[in-house]
Amino acid sequence: WTTTLLATDGNEAGDGEEWDVDDDPYWPTQPNGMWIDATASKRDVALTSPAFTITSATAKLKFWNVFETEPGWDGGVLEIQIDNGEWKDIIVAGGAFTSGGYNGELQDSPNPLSFRNSWTGKDEFETNVNLPAGAAGKSIRLRWRYGSDVGDDRDGWGIDTVVVTN
């Protein structure tokens, strides 16, 4: 797993700029989950899985999703890269949420994810996704991208218990 700062408002990277291992006891799978703090600055930060091969056209992804972001302005998305191609939103690539999908669109702002459907506001639930059938037999990587503007900051976004079934 890697964490990458894709864009910022020009300030130096520091606390809260990357995804971190979080050992809060509320994670469903102890001892920890992955967390990114929300800040009142423009950011685009990705948590990326290692590459792995999907063997079935009916492969599924599930993970625990908890977030408290500035509603409509800050939020997170799930993207997929198939066979080292371009990164695409999981829905654009042919995937489908079966539960716990995006809950809002990000507004026009300095947020690098503006105008995209995302997880925004405050909630927690298990997210279930049918992975794109076209990924069967191919190497994929998944990434969770968090984007924020320069407005209010809130708590942040976390994921845990990531499971892929073929």
Inter-residue atom distance [X].[atom1] - [Y].[atom2], 0.5 Å rounding:
X: Glu68; Y: Asp123; atom1: CD; atom2: CG; value: 11.0 Å
X: Phe67; Y: Glu124; atom1: CZ; atom2: CD; value: 9.5 Å
X: Ile80; Y: Leu131; atom1: CD1; atom2: CG; value: 5.5 Å
X: Asn166; Y: Thr58; atom1: CG; atom2: OG1; value: 8.0 Å
X: Thr127; Y: Ile90; atom1: OG1; atom2: CD1; value: 11.5 Å

Find out if a path of hydrophobic residues (ILVMFWY) with successive side-chain heavy-atom gaps under 4.5 Å connects [X] to [Y].
X: Ile91; Y: Trp144; result: yes
X: Trp87; Y: Ile82; result: no
X: Ile140; Y: Trp1; result: yes
X: Trp73; Y: Val45; result: no
X: Val66; Y: Val163; result: no

Partner set under side chain to side chain contact (heavy atoms under 4.5 Å, CB included) for [X], not counting sequence neighbours:
X: Glu105; answer: Phe115, Asn117
X: Pro71; answer: Arg154
X: Ala133; answer: Ala57
X: Thr120; answer: Thr69, Asn103, Leu106, Ser118

Sequence neighbours left out, what passes side chain to side chain donor-acceptor pair (under 3.5 Å) with [X]? Give chain and number order.
X: Thr98; answer: none
X: Lys60; answer: Asn130
X: Ser139; answer: none
X: Thr48; answer: none

Determine the minimum heavy-atom distance between Pro112 and Ser148, stating which atoms define it.
CD-O, 3.8 Å
Test log, rule side-chain hydrogen bond (donor to acceptor under 3.5 Å, both in side chains), inputs Trp157 and Asn65:
CA-CA 8 Å; Trp157 184 28; Asn65 193 351; 2.7 Å; yes
Ring pair (Phe, Tyr, Trp, His ring centres under 6.0 Å) filter on Phe97, not counting sequence neighbours, yields Tyr102, Trp119
Close side-chain approach of Leu47 and Ile36, heavy atoms under 4.5 Å
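No - every pair of side-chain heavy atoms lies 4.5 Å or more apart.
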Taking the side chain as C-beta and beyond, is there a heavy-atom pair between Leu78 and Leu61 under 4.5 Å?
yes
Does the [X] side chain pair with the main chain of [Y], one donor and one acceptor, at a distance under 3.5 Å?
X: Ser114; Y: Gln107; answer: yes
X: Gln81; Y: Gly85; answer: yes
X: Asp74; Y: Asp149; answer: yes
X: Asp20; Y: Trp35; answer: no

Please assess Phe63 against Asp160 for the test side-chain contact (heavy atoms from CB on, under 4.5 Å), listing each intermediate value before the final yes or no.
CA-CA 6 Å; Phe63 61 95; Asp160 188 33; over 6 Å; no
Between Ser99 and Asn128, does the side-chain hydrogen bond (donor to acceptor under 3.5 Å, both in side chains) criterion hold? Intermediate values first, please.
CA-CA 5 Å; Ser99 66; Asn128 289 276; 2.8 Å; yes
Knowing that exactly one of Leu142, Val162, Val164 qualifies, which makes a side-chain contact (heavy atoms from CB on, under 4.5 Å) with Ser49?
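The option that passes is Leu142.
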Determine which pairs satisfy salt bridge (Lys or Arg N to Asp or Glu O under 4.0 Å) with at least one residue from residues 84-95, sequence neighbours left out, and list them in order.
Asp89-Arg116
Within residues 125-148 or reaching into it, pairs that qualify as salt bridge (Lys or Arg N to Asp or Glu O under 4.0 Å) - sequence neighbours excluded
Asp44-Arg145, Glu79-Arg143, Glu79-Arg145
Derivation of the side-chain contact (heavy atoms from CB on, under 4.5 Å) call for Val77 and Tyr146
CA-CA 7 Å; Val77 298; Tyr146 174 75; over 6 Å; no
